[in-house]
Amino acid sequence: MKIFKLLAIGLLIIVGCKSKEDLITIVDIGKNDRIKIGKQLRIINGFSPELVALDFYLVPDSLEKDTIIVKELAKIHNTVQVVGLYNFHEELDTWDSLNVSHSKFKVTDRGYSNLIGDNSVVDGTLPMQQSYLDKEYYSFAYVIAKNSFGVKSKYRDSGREEVGFDLDDVKGNYTLISSDDLFSGNFRPEDLTGKIVIMGYMGEAEDFFYVDRLRTEKVNGVEIHAAIVSELIDN
């Protein structure tokens, strides 16, 4: 009986302690146009994710191309989209420009995507909060964590303090579903159901960073966001 109890307790521990990879899925948008991204959202929405985060901007476009995205975003109960902060004034401790998607794309929250770096090398530090025109914005990763599984207590009141994150294992913090696999159904339903789903670009383009000064490991911005979310979430 004692052995059985020990085994049962061990099973509960294994089942109860999910790895961060089990909680975050990146869906690659590739070079898809607005119509195909909308269709991706339709598929994702069908599996009831915990949260859908959009790591890309949706500037004004033709109504015909935007119809599906607008419709699918309206169906999702929990969404986060990136904004960009530009032109920082040190003396005022604020930013004077904001890049945001068109208002017709309805999302429940937004967070800034700025990553601190030098010559495309991310230094692993990021403030959780910044201001623009007297309004406070939280980082993209922080908003994702806060609106899904919650933020660890040690990060909740960090404000504008630069918080350091370990980016050595960037690729070990998520499950990846390519655009082709999503459309062909070549994925596990459990990789979308109840998960944080971050949609972003994965591939060779301008949207990449290095996580070490020797510039040996190139990663996309969406992967860095996933790694920071992984550290922030209270799980």
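Hydrogens, waters and symmetry mates are skipped; everything else that's a heavy atom, side chains included, is used. In this text, all values refer to a predicted model and were calculated from it rather than measured experimentally.
Nearest heavy-atom pair, Met199 versus Ile44, reported as atom, atom and distance to 0.1 Å: SD-CD1, 3.7 Å. When every heavy atom of Met202 is checked against every heavy atom of Val222, the shortest pair comes out as SD-CG1, 3.5 Å. Across every non-hydrogen atom of Ser230 and Asn173, the tightest pair is OG-OD1, 3.1 Å. Shown here for Asn147 and Leu51, the closest heavy-atom pair between the two residues is CB-CD1, 3.7 Å. Nearest heavy atoms, Ser97 versus Asn87: OG-ND2, 3.3 Å. Nearest heavy atoms, Ser101 versus Phe56: OG-O, 4.3 Å.
Within the structure, every pair that satisfies the ring pair (Phe, Tyr, Trp, His ring centres under 6.0 Å) test and touches residues 178-199, not counting sequence neighbours, is listed here: Phe47-Phe187. Residue pairs meeting the ring pair (Phe, Tyr, Trp, His ring centres under 6.0 Å) criterion with at least one member in residues 100-134, sequence neighbours excluded, do not occur.
For the atom pair NZ (Lys154) and CG (Leu232), the distance works out to 9.5 Å, reported to the nearest 0.5 Å. From Asp55, atom CG reaches atom NE2 of His225 across 4.5 Å, with rounding to the nearest 0.5 Å. To the nearest 0.5 Å, atom CG of residue Asp157 and atom CE of residue Met128 are 13.0 Å apart. From Ser113, atom OG reaches atom CG of Leu54 across 12.0 Å, with rounding to the nearest 0.5 Å. A distance of 12.5 Å separates CD in Glu223 from CD1 in Ile228, rounded to the nearest 0.5 Å. Atom OH of Tyr86 is separated from atom CG of Asn99 by 4.5 Å, given to the nearest 0.5 angstrom.
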Q) Do Lys71 and Lys75 pass the side-chain contact (heavy atoms from CB on, under 4.5 Å) test, and can you show the C-alpha distance, the side-chain angles, and the key distance before you say yes or no? A) CA-CA 7 Å; Lys71 182 178 179 179; Lys75 294 179 182 178; 4.2 Å; yes

- Task: Evaluate side-chain contact (heavy atoms from CB on, under 4.5 Å) for Leu73 paired with Leu41, printing each intermediate quantity in order.
- Result: CA-CA 8 Å; Leu73 282 176; Leu41 276 168; 4.1 Å; yes

Run Val80 and Lys146 through side-chain contact (heavy atoms from CB on, under 4.5 Å) and show every step you take. CA-CA 11 Å; Val80 179; Lys146 176 175 67 74; over 6 Å; no

- Task: Could you walk me through whether Leu23 and Tyr174 pass side-chain contact (heavy atoms from CB on, under 4.5 Å), step by step?
- Result: CA-CA 7 Å; Leu23 299 177; Tyr174 61 85; over 6 Å; no

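Residues meeting the ring pair (Phe, Tyr, Trp, His ring centres under 6.0 Å) test with Tyr142, sequence neighbours left out: Tyr138. For Glu136, the salt bridge (charged side-chain N to carboxylate O under 4.0 Å, His left out) partners two or more places apart in sequence, or in a different chain, are Arg160. Under the rule for a salt bridge (charged side-chain N to carboxylate O under 4.0 Å, His left out), the partners of Lys218 that lie at least two apart in sequence or sit in another chain are Glu204. Listed by chain and residue number, Arg34, Lys104 satisfy the side chain to side chain donor-acceptor pair (under 3.5 Å) test with Asp66 (two or more places apart in sequence, or in another chain). Looking at residues two or more places apart in sequence or on another chain, you find no salt bridge (charged side-chain N to carboxylate O under 4.0 Å, His left out) involving Lys106. Evaluation of the ring pair (Phe, Tyr, Trp, His ring centres under 6.0 Å) rule for Phe149 yields no partner, not counting sequence neighbours. Taking Asp181 as the reference, nothing meets the salt bridge (charged side-chain N to carboxylate O under 4.0 Å, His left out) condition, with sequence neighbours excluded. Remark: Tyr210 pairs with Phe208 by the ring pair (Phe, Tyr, Trp, His ring centres under 6.0 Å) rule, at least two apart or across chains.
Ile233 has its side chain within reach of Ile196: a pair of non-hydrogen atoms, C-beta onward, lies under 4.5 Å apart. Inter-residue side-chain proximity for Arg110 and Val143 is flagged as unmet; no heavy-atom pair is nearer than 4.5 Å. Looking at heavy atoms from C-beta onward, Asp93 lies in side-chain contact with Phe88 at the 4.5 angstrom threshold.
Hydrophobic side-chain contacts under 4.5 Å tie Leu214 to no other Ile, Leu, Val, Met, Phe, Trp or Tyr residue. Within the hydrophobic cluster formed by Ile, Leu, Val, Met, Phe, Trp and Tyr side chains joined at under 4.5 Å, directly or through other members, Ile68 is accompanied by Ile35.
Of the charged side-chain nitrogens involved, at least one lies within less than 4.0 Å of a carboxylate oxygen, so that Glu231 and Lys152 count as a salt-bridged pair.
For the side-chain contact (heavy atoms from CB on, under 4.5 Å) test with Asp191, the passing option among Ile24, Asp22, Ile177, Val27 is Ile177; the others fail. The residue from Val219, Val211, Leu176 that alone fulfils the side-chain contact (heavy atoms from CB on, under 4.5 Å) condition with Lys171 is Val219.
Leu133 and Val100 fall within the same hydrophobic cluster, where Ile, Leu, Val, Met, Phe, Trp and Tyr residues are linked whenever their side-chain heavy atoms come under 4.5 Å apart, directly or through other members.
Here the side chain of Tyr57 pairs a donor or acceptor atom with the backbone of Gly84 at under 3.5 angstrom. Judged by distance alone, with hydrogens and angles left aside, the side-chain atoms of Arg156 form a donor-acceptor pair with the main-chain N or O of Val151 at under 3.5 Å. Side-chain atoms of Thr79 do not come within 3.5 Å of backbone N or O of Val52 as any donor-acceptor pair.
Residues Asn32 and Ser179 bring a donor and an acceptor atom of their side chains to less than 3.5 Å of each other. Side chains of Ser131 and Thr94: a donor-acceptor N/O pair is present below 3.5 angstrom, by distance only.
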